[in-house]
Amino acid sequence: MSIRAELLSGLSASPATIAPKYFYDALGSRLFAAITELPEYYLTRTEAEIFAEHQNAMAAALGLAATLVDLGAGNCEKAARLFSVLHVRRYVAVDISLHYLRESLENLQQKHPAIEMLGVGLDFSRSLHLPAEVGTEPRTLFYPGSSIGNFTPDEALAFLRQANAECCGGSLLIGVDLVKPVNVLEAAYDDPLGITAAFNRNLLRHLNRLAGTDFDIADWRHVAFFNGGESRIEMHLQALRDTTVSWAAGERRFAAAERIHTENSYKWRSEDFAALLETAGFSRPRHWCDARGWFAVFAAQA
Ligand code: AVI
């Protein structure tokens with residue numbers, strides 16, 4: 001299915017949905033970077049603390065694999081901090097936009113001339129199958145940031161099974177956000193500055209460009225809450241008034257207060273995530289947490 005057809009079918013569904021991968025146009029990526037600076041958005045900061053404190057133990061648990069495959073690499077900063085402790089000789093940066101990766105990789109190559117670098121443009125939310133040029137040596141797959149939380153548990157399991165095969169006998173290093181008090185979670189996804197609201201509403205601009213829709217952003221507000229039954233933060237866009245969105249061959253009416261579901265961000269219990277890794281075929285999962293027990297980094301063998 002084409003991107004346009006996929007978007008319009010989600011929009012026509014009841015309830016309407018838009019996949020979270022469409023948050024990340026140029027502005028959306030900058031807004032996400034701003035989110036990671038917010039005091040309320042503890043995830044990025046907490047994960048960085050865990051890496052800084054436990055990187056030697058992680059390196060020992062992962063074992064030696066000269067190739068590091070960075071899934072959702074972006075500006076490549078998180079992986080670059082691990083190059084020396086993991087003795088990386090080959091770095092493969094994977095992201096949906098090869099264009100953005102090229103710039104990051106050029107800068108990184110200057111700082112690390114001895115490391116062979118490769119950029120791969122791939123939408124791995126559809127299928128994680130790395131191209132032949134990555135080779136067949138055992139690799140460490142690196143998936144930080146709790147992006148795994150943006151998959152449902154079934155999708156996460158399918159993704160981890162593919163990741164297991166793609167390790168070629170190597171290992172996985174993955175960041176996972178954990179269950180914690182609801183007020184902490186909800187503040188992280190509905191900050192008082194309104195950056196997360198802008199990130200969510202910017203999706204409609206991106207959609208207007210990608211699918212030719214005519215959303216008026218002023219008609220929509222950001223909604224985020226913790227759904228305890230599903231153990232996930234849900235983000236939605238809620239219509240402020242009755243409104244009709246049109247595109248070349250169709251339209252969708254929204255009643256006031258109707259919502260478009262834009263993202264789930266699952267919060268795991270560490271024992272459940274360890275069990276998920278084992279179900280996906282990984283062995284000896286180990287994890288490290290921050291002092292508050294808010295975030296975990298797992299290492300496991302394929
Ligand atoms: C990328 N992902 C892990 C973020 C999250 O926390 O689920 C995306 C995000 N959505 C709102 N704020 C940040």
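Throughout, numbering of the chain's residues begins at 1 and tracks the sequence. None of these values were measured; they are calculated from a predicted model. Numbering of ligands and ligand atoms starts at 1, following listing order.
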Go through the side-chain N and O atoms of Y41 and D191 and say whether any donor and acceptor fall under 3.5 Å apart.
no

Do T196 and ligand 1 have an N or O pair less than 3.5 Å apart?
no

Ring centroid separation F298 to F282 under 6.0 Å:
no

So is F23 close enough to ligand 1, meaning a heavy atom under 4.0 angstrom away?
no

Looking at the rings of F199 and Y24, which for Trp means the six-membered one, are their centres under 6.0 Å apart?
yes

Atom 7 (O) of ligand 1: nearest protein contact (heavy atom, Å)
S265 OG, 2.6 Å

Given R30, H206, R209, the one that forms side chain to side chain donor-acceptor pair (under 3.5 Å) with D25
R209

Considering non-hydrogen atoms of the protein only, which is the closest contact for atom 10 (N) of ligand 1, and what is the distance?
E263 OE1, 2.7 Å

Provide the number and element of each atom of ligand 1 under 4.0 Å from a heavy atom of Y189.
5 (C), 6 (O), 7 (O), 10 (N), 11 (C), 12 (N)

Just let me know how N150 lines up against ligand 1, side chain, backbone, both or neither, with a heavy-atom cut-off below 4.0 Å.
side chain

Heavy atoms only: which of Y266, Y41, F199, Y24 lies closest to atom 5 (C) of ligand 1?
Y41

Please confirm whether the ring centroid of F23 lies under 6.0 Å from the ring centroid of F32.
no

Residue S146 vicinity, atoms of ligand 1 by number, heavy atom under 4.0 Å:
3 (C)

With a 6.0 Å cut-off on the ring centroids, do H236 and F225 count as close?
yes

Atoms of ligand 1, numbered as shown, that sit under 4.0 Å from any heavy atom of G145:
3 (C)

Per side chain to side chain donor-acceptor pair (under 3.5 Å), D177 is matched among Y42, Y266, W268 by Y42

Contact with ligand 1 for G149, non-hydrogen, under 4.0 angstrom
no

